[in-house]
Amino acid sequence: MNVFSAFKAVLDEEIEALVEVGTLPAGTDPARVSVEPPRDPEHGDLTTNGAMVLAKPAGLKPRDLAESLAERLKQREFVQDVDIAGPGFINLRLSDDFWRARLVEILAAGESYGESTVGGGKPVNIEYVSANPTGPLHVGHARGAVVGDVLAALLDKAGYAVTREYYINDAGGQVDVLARSAYMRYREALDEDIGEIPEGLYPGDYLVPVGAAIAARDGDKWLTADEAEWLPDFRQFSVDAMMDLIREDLGVLNISHQVFSSERALVEAGGVDAVMETLENDGLIYVGTLEPPKGKLPDDWEERPQTLFRASDFGDDTDRPLKKSDGSWTYFASDLAYHEDKYKRGFPVLIDVWGADHGGYVKRVGAGVKALTDGEARIDVKLCQMVRLLEDGEPAKMSKRSGTFVTLRDLVQAVGKDVVRFIMLTRKNDAPLDFDLVKVREQSRDNPVFYVQYAHARTHSVARMAADAFPDGDFSIVALKGADLARLTDSDELALIKQLAAWPRTVEGAAEAHEPHRLAFYLYDLAAAFHALWSKARGEPGLRFVIAEDEELTRARMALVLAVRTVVASGLAVMGVTPVDELRE
RNA sequence: GCGCCCGUAGCUCAGCUGGAUAGAGCAUCGGCCUUCUAAGCCGAAUGUCGCAGGUUCGAAUCCUGCCGGGCGCGCCA
């Protein structure tokens, strides 16, 4: 239950009632009215701006309208207290029993707590990673991979029908380079001395087994053949091999896409031609000459007419080329076809996760999607900034030979899947991220992964204490749902419950905003509150979770502890991080 | 030159789509271990939310213009 939207519904009923009695005019629209947690908990549990938002169109003073609403809200179930503050905020305080009932709800729901139906089963396509199939994934890809994957899980939890997709860029020139590079390795596998891999080809030794595999399959039949004969075959073979490699890389992060779309397949099936024809018929394609970019002119600039898409009619800064000088489609052309294809496959919401270096591309794709779907589809591009690898504050110098980069696999091997997944979400996607390989192994509050895991482990530690203190006690979740929760009376205990009850709202908010990093911040704050309560008992032994002489009180507090465990586990599950039961070695 | 992103405490960053007195970690200072794991907790101090206008009952948040940083800028993907 999202407490805030639940009470928004209550408020809407009262607004409607005021319309019926004539206090508010007919047609009053409560859409802009919000119910949220106040910034200062002293103000209550919930606050609404309703009186301020609705007063003006109704010709009322905000505080007068607030009075009318407050009178009605006071009558509602669970509302303990209502007051009006500042320019017209209505602050609600809910009964302690209402909050205690959230614990039962949490324990009953288990890890599914926080699931929501706001998505309404709406299909969402999220495309992420989509690295060129020319080699293993590196650290930069890891961020987009995690952001995309967790956003997908988040949307799923919020009730959307999510499809995880990977676009294989296998139609451009770079896969020909890949094929030629594999050919070198093929010759090498047949005992030819190839020397250094020539400039412009991929030197990585991950292509050695590819060359060897082709040699094993085909023998020396390609050695004397012209490039035109062997290239398509080598290209397909090595792209497939690279995609296997990439799938394995993603596997170490526990990421798997449901759909892999091939650019080449799209082009060969005539998908691009079809879309271009559509645009042509709509009068959105013409041959023209673009202005050279102002300021720094490219060295080889020469004016020439091009086939252009009228992107500037749809919000882009300029029109965009669709054909290369050799007559083949530009990447943009096939990307238009690809996005239209996604829309036609039934996705009104498209999310793309890209590296920030592709930022200049966002507008033109948005323009294309707008043109091709009559503005029906919504596209949101999440740009991921750089990841800086550090070692204790200094730029990391993880073993890298010249010409290679730190691979995703190296990173996961160094710190583990869970750490990579968590750390990648400790910043907004559009903020640069420092990933300190030393710090993430520290066991301190400075390391959010540890801190949150410690909270989860501590719930188990406390449970062991309880079992020791009451060898015959039943502290199972089923039993604890029946605990006498009225024994939870400390203000910090109740504050912690309220924080737990904010989880469904956090899920919905993060999902709607497409901001998975909010989960990491929520969990960190929740962990801090739990640790604080635990520590408070150090000074006040009566607050300890386990009270040896009072089993019923212990049971009530264990219900709270298990609820904390449940919500932390629920959050980590969305993040794809495995919770630990114990940290001590 | 143009576009996009960013500018919040000494440092690193949040700020829940416009709400009340702007928050957290690190660092600094002061407390707290015969312990439910001090791998931590509590408290103090810290601000021209880059600058200037505007919209609004209300702006770190939206609009405009500057300043500063990053990324990108026709036939790479």
Side-chain angles (χ1 to χ4, degrees), chain A residues 4 32 34 36-40 43 47 49 52-53 55-56 61-62 85-89 91 130-132 134 169 171-175 263 289-296 298 300-304 306-308 316-328 330-332 334-335 355-363 383 385-386 426-428 430-432 434 442-448 450-451 454 457-458 461-462 464-466 468-469 502 505-506 508-510 512-513 515 517-518 521-522 524-525 528 531-539 541 544-547 582-584:
Chain A
F4 301 91
R32 267 181 26 87
S34 65
E36 349 179 334
R39 182 154 53 197
D40 185 348
H43 292 144
T47 186
N49 61 357
M52 291 178 289
V53 170
K56 197 172 188 183
K61 288 185 189 151
F89 291 104
N91 295 327
S130 298
N132 291 337
T134 55
N169 299 128
Q174 84 286 353
V175 286
E263 180 186 6
T289 308
L290 286 177
E291 295 276 309
K294 300 260 189 322
K296 209 170 112 195
D300 56 345
W301 176 269
E302 77 185 81
E303 211 166 77
R304 73 164 60 91
Q306 298 178 92
T307 303
L308 299 169
D316 201 358
D317 311 302
T318 179
D319 295 337
R320 302 292 181 178
L322 296 168
K323 268 190 185 174
K324 303 182 196 173
S325 50
D326 67 1
S328 64
T330 60
Y331 178 76
F332 177 54
S334 54
D335 217 17
D357 53 340
H358 290 63
Y361 206 76
V362 173
K363 274 194 182 183
L383 296 178
Q385 277 289 355
M386 302 285 292
T426 53
R427 290 285 177 271
K428 283 182 297 203
D430 53 6
D434 286 348
E442 274 174 16
Q443 300 198 323
S444 75
R445 183 166 184 168
D446 201 19
N447 174 5
F450 160 77
Y451 196 63
Y454 185 24
R458 180 165 264 172
S461 162
V462 173
R464 288 190 288 270
M465 300 288 172
D468 281 351
R505 180 175 191 268
T506 302
E508 290 180 3
E512 298 285 286
E515 290 188 353
H517 72 277
R518 290 191 199 179
F521 285 91
Y522 170 85
Y524 183 81
D525 289 343
H531 291 312
L533 182 56
W534 189 93
S535 301
K536 191 178 173 189
R538 182 171 295 281
R544 292 182 174 194
F545 296 127
V546 178
I547 302 292
E582 198 171 11
L583 285 163
R584 187 176 353 217

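Chain naming here is simple, since letters A, B, ... match the order of the sequence lines and numbering starts at 1 in each.
When the C1' atom is used for both B:C4 and B:A9, the distance is 29 Å, rounded to whole Å. Annotation: B:C13 and B:A27 have their C1' atoms spaced 15 Å apart (nearest Å). A gap of 11 Å separates the P atoms of B:G47 and B:A22, to the nearest Å. As rounded to the nearest Å, B:C63 and B:C5 have P atoms that lie 10 Å from one another. Between the P atoms of B:G50 and B:G7, the separation comes to 7 Å (whole Å).
Without hydrogens or angle criteria, A:T330 side chain to A:P321 main chain gives a donor-acceptor distance under 3.5 Å. Between the side chain of A:D430 and the backbone N or O of A:L383 there is no donor-acceptor pair closer than 3.5 Å. Checked by atom type and distance alone, the side chain of A:Q174 pairs as donor or acceptor with a backbone atom of A:N169 at under 3.5 Å.
Look at CD on A:Q385: it is 7 Å from C1' on B:C71, rounded to the nearest Å. Atom CZ in A:R320 sits roughly 10 Å away from atom C1' in B:G72 (whole-Å rounding).
Residue A:K428 places none of its side-chain N or O atoms closer than 4.0 Å to OP1 or OP2 of B:C13. The shortest distance between the side-chain N/O atoms of A:K324 and the OP1/OP2 oxygens of B:G74 is not below 4.0 Å. For B:A24, neither phosphate oxygen OP1 nor OP2 lies less than 4.0 angstrom from any side-chain nitrogen or oxygen of A:R445. Of the side-chain N and O atoms in A:S461, one or more sit less than 4.0 angstrom from OP1 or OP2 of B:U37. Applying the 4.0 Å criterion to OP1 and OP2 of B:C42, one finds that A:K536 has every side-chain N and O outside that range. Of the side-chain N and O atoms in A:Y451, one or more sit less than 4.0 angstrom from OP1 or OP2 of B:C41.
B:C16 takes the anti form, because its glycosidic angle lies more than 90° either side of 0.
Pair assignment for B:A24: B:U12, on the basis of Watson-Crick or G-U wobble contacts that are both within less than 3.5 Å. Nucleotide B:G43: paired with B:C29 (Watson-Crick or G-U wobble, both distances less than 3.5 Å). Across every strand in view, B:A52 sits in a pair with B:U64 that passes the Watson-Crick or G-U test at under 3.5 angstrom.
With A:F4 as the aromatic partner, A:R505 meets the cation-pi criteria of under 6.0 angstrom to the ring centre and within 45 degrees of the ring axis.
At the heavy-atom level, A:F89 lies under 4.0 Å from base atoms of the strands shown. Using a 4.0 Å heavy-atom criterion, one finds that A:H358 contacts the bases of the nucleic acid, with or without backbone contacts as well.
Residue A:H531 and nucleotide B:G40 are not classified as a stacked aromatic pair, given the requirement of ring centres less than 5.5 Å apart at an interplanar angle below 30°. A stacked arrangement is not assigned to A:W534 and the six-membered base ring of B:G40, the conditions of a centre distance below 5.5 Å and an interplanar angle below 30° not being jointly met.
For A:L290, whose side chain is taken as the heavy atoms from C-beta onward, the closest listed nucleotide among B:G3, B:U37, B:G74 is B:G74. Considering only the side chain of A:Y361, B:A77 comes nearest among B:A77, B:G40, B:G72. The A:R505 side chain lies nearest to B:U17 when the options are B:G40, B:U17, B:A77. Checking B:G3, B:C42, B:A14 against the side-chain heavy atoms of A:A532 singles out B:C42 as nearest. For A:Q306, whose side chain is taken as the heavy atoms from C-beta onward, the closest listed nucleotide among B:U37, B:C75, B:G25 is B:C75. If you check B:A24, B:G15, B:C41 against the side chain of A:S535, the one that comes closest is B:C41.
In summary, the aromatic rings of A:H531 and A:Y454 are positioned with their centroids under 6.0 Å apart.
The residue among A:S328 and A:K363 whose nearest nucleotide of RNA chain B lies closer to the 5′ end is A:K363.
The two residues A:N49 and A:R32 make their nearest non-hydrogen contact at ND2-O, 3.7 Å.
One cannot find a donor-acceptor pair under 3.5 Å joining the base of B:A77 and the side-chain atoms of A:D357.
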